[in-house]
Each structure stands twice: as structure tokens, then as C-alpha cells.
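Reviewing the structure listed below.
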Amino acid sequence: MPTALSHPDRRPVLVTGASSGVGSAVAVGLAAAGYPVALGARRTAICEELAERIRADGGEAVALALDVTSDESVSFFVAEAEQALGEVEVVVTCAGEVTPENAYETATPDFEAQLQLNLVGTQRFVARVAPAMAARRRGDIVFVSSDVVRLPRPRMGAYVAAKNGVEGLARAMQMELEGTGVRASILRPGPTLSGVGSTWPVEVLQAVLDDWVRFGLARHDRFLQPHDVAAAVLAVISMPRGAHVTLLEVEPEAPLRETGPEHGTAAPRGMGREGDR
């Protein structure tokens, strides 16, 4: 009988887009679970503050500059992270950006820039680390996608296109990596309260939310928290070897229905009947 494979005791993690939102929550959550983490983003000062907090709480973390649109930056980040923490065991791709524009009104260079960051940057990063992981015959790559793949949203054409590309890339890699011991997983979160949208003008944000309701994309007013997505990442990479979570979709749970005096239930608080479709 073959001996069952197991994870090594030490599993260093690389997190892209770790300066805010989902990326920072993933870094904090995995560090709390005992994973050494390397935080990568363009805003290195914020990453260093986060790494200091992790270390103060007893975790192991290093913060390094990372621009996933640059070959040199990606190579530097991976090399420095491995020197500080050891060989990469886990990669979580969180770097991304959304610009709230209609696709037909987006200038082509701006559209291309979003694809470069969200899609090409993801491929650039995983291509730098996956060959060595495959040679060691183990590891996890978690592609953080979005439910816009299943439910495309207006004013997010470039982001929708990029995340569809990310999932296509991940599915191709699942086949390419089969039998190598490296697990490529897709994590598809729904609407999440992260840094995305925080810099949008109020009128733009309201227009986006109105369109979500208009097209039946907002069943209620609840959002995921970044730590919810981090918990899902931990669940994926914690699976024992021999099991592979290929796709995990996480959506915000609806608020409890109110008990009505006549009909027993009422519409979820906050959205009204129009959003409860």
C-alpha cells in the first residue's frame, strides 16, 4: 500500500495584493493559523505595518514590494520571500482593481490596464512559482476570482473579462498540474466589503448599486467581510493531500426574515421588495 502524503509542518505563503481588503485579511488569517506569510503589494508601508502587527501577535511575516505587472518586481518578491521564509508552499492571488465604467465607454488603454493587472499579472506571478512547486511535487495555488464570472455586472466590463480569464487560466492549470501534487483552486467570493469602491464618488457608487438592483443582482443588502474570504482560503489549503477543492463559491448570507403578524415573514430589512428577487 502506498504511504499517504501529508503537508509539511512549515508552509510559507505568498499573498499578492496584501495591503488592503481581502489580501490583508488573508495574510492576517493565515498567519494566525500558523502559516509564515509574505505580504506583497505596491503600498509597502501599509504591508510593513500589517506585518509588524502579525509579528506582535506571535506570527511570522515579511513585507516586500510587489508590482504584478513587472517581471523584475515579481522575481524580486519571490526570491526575497523565499530567502526570508523558505520554499513557497502556498500562493494566494489577491491583487486586483475595479474601475466602474461601462465597457463601451472605457478607453482601450484603460481596459487593457485592468486586464494587465487582474489577469496578466496573475499569470505572471503563478508562472514564476508554479514550476518549482511542481518539481517539489506539492503546493497550493488559490486564484481569488469573483462571482462576476457567474453573474456579470454592469459598469465592470474589464473586470468581468479579466476574472473570466483568471478562471479559464486556473482551469487550464488544473489539468496541466494534475499528477504533480500542486493543487490549483478557484475561490469565487460574492460582494465583499473591501477597499474596492471606497474611492469611487458617491454618485458613481450609487449608480452601480442601483444597476445591481435593476438587474436582480442584489437580493439583499448584506456583504461578505474580508475575513470571511480569508476563512475560505484557509479551508481550501487545509484540505488533506489527496483531496482537491477545485472551486469554492462564497456568498453573503441573507439577513433573517422578520416575523410578520399576518403572513409569517417579511422582506429582508434594508432592500425592500424590489431587491428581494
Side-chain angles (χ1 to χ4, degrees), residues 17 19-26 93-108 110-119 121-122 142-168 170 186-233 247-258 260 263 265-277:
S19 60
S20 65
V22 169
S24 62
V26 167
T93 66
C94 301
E97 190 173 84
V98 185
T99 300
E101 293 180 314
N102 290 321
Y104 70 92
E105 295 176 324
T106 303
T108 299
D110 295 337
F111 191 94
E112 182 181 19
Q114 289 193 64
L115 294 183
Q116 285 290 334
L117 175 59
N118 294 296
L119 173 56
T122 297
V142 182
F143 293 85
V144 178
S145 181
S146 167
D147 73 346
V148 300
V149 174
R150 180 172 61 84
L151 297 169
R153 297 175 187 268
R155 301 175 190 260
M156 295 184 176
Y159 188 72
V160 171
K163 288 303 186 181
N164 272 274
V166 166
E167 291 204 10
I186 299 167
L187 176 57
R188 187 191 290 169
T192 305
L193 286 175
S194 64
V196 174
S198 62
T199 61
W200 300 352
V202 173
E203 62 273 15
V204 172
L205 179 59
Q206 187 61 57
V208 169
L209 295 177
D210 288 346
D211 274 352
W212 287 11
V213 173
R214 174 188 173 197
F215 290 103
L217 300 171
R219 296 179 60 84
H220 54 78
D221 62 350
R222 295 295 175 88
F223 285 73
L224 293 170
Q225 297 290 334
H227 61 76
D228 298 323
V229 184
V233 171
L247 170 65
L248 178 60
E249 186 162 9
V250 185
E251 290 288 338
E253 184 180 7
L256 294 176
R257 294 177 179 178
E258 297 177 355
H263 304 291
T265 59
R269 182 179 299 166
M271 289 300 295
R273 293 295 182 184
E274 183 179 7
D276 187 22
R277 292 197 288 260

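Note that the coordinates shown come from a computational prediction; the quantities given were computed from them, not determined experimentally.
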So, taking the atom named CZ in Arg222 and the one named CG in Leu193, what distance separates them when rounded to the nearest 0.5 Å?
11.0 Å

Looking at side-chain heavy atoms only, is the closest gap between Pro189 and Asp228 below 4.5 Å?
no

Do Gln114 and Asp110 pair up side chain to side chain, a donor and an acceptor below 3.5 Å, judged on atom types alone?
no

Identify whether the distance between the nearest side-chain nitrogen and carboxylate oxygen of Lys163 and Asp147 falls below 4.0 Å.
no

Thr106 vs Thr99, side-chain contact (heavy atoms from CB on, under 4.5 Å): CA-CA, chis, key distance, verdict:
CA-CA 9 Å; Thr106 303; Thr99 300; over 6 Å; no

Report the distance from atom CG of Leu248 to atom OG of Ser145, rounding to the nearest 0.5 Å.
11.5 Å

Report, as yes or no, whether the 6.0 Å neighbourhood of atom CD on Glu105 holds more than 12 heavy atoms from other residues, nucleotides or ligands.
yes

Give the C-alpha distance, both sets of side-chain angles, the deciding distance and a yes or no for side-chain contact (heavy atoms from CB on, under 4.5 Å) between Arg153 and Trp212.
CA-CA 7 Å; Arg153 297 175 187 268; Trp212 287 11; 3.4 Å; yes

Taking salt bridge (charged side-chain N to carboxylate O under 4.0 Å, His left out) as the definition, give me every residue that meets it alongside Arg155, ordered by chain and number, with sequence neighbours left out.
Asp211

Derivation of the salt bridge (Lys or Arg N to Asp or Glu O under 4.0 Å) call for Arg219 and Glu251:
CA-CA 11 Å; Arg219 296 179 60 84; Glu251 290 288 338; over 6 Å; no

Given Val250 and Leu187, is the side-chain contact (heavy atoms from CB on, under 4.5 Å) satisfied, shown in steps?
CA-CA 8 Å; Val250 185; Leu187 176 57; 4.0 Å; yes

Starting at CG of Asn118, measure out to OG1 of Thr93 and round the result to the nearest 0.5 Å.
10.0 Å

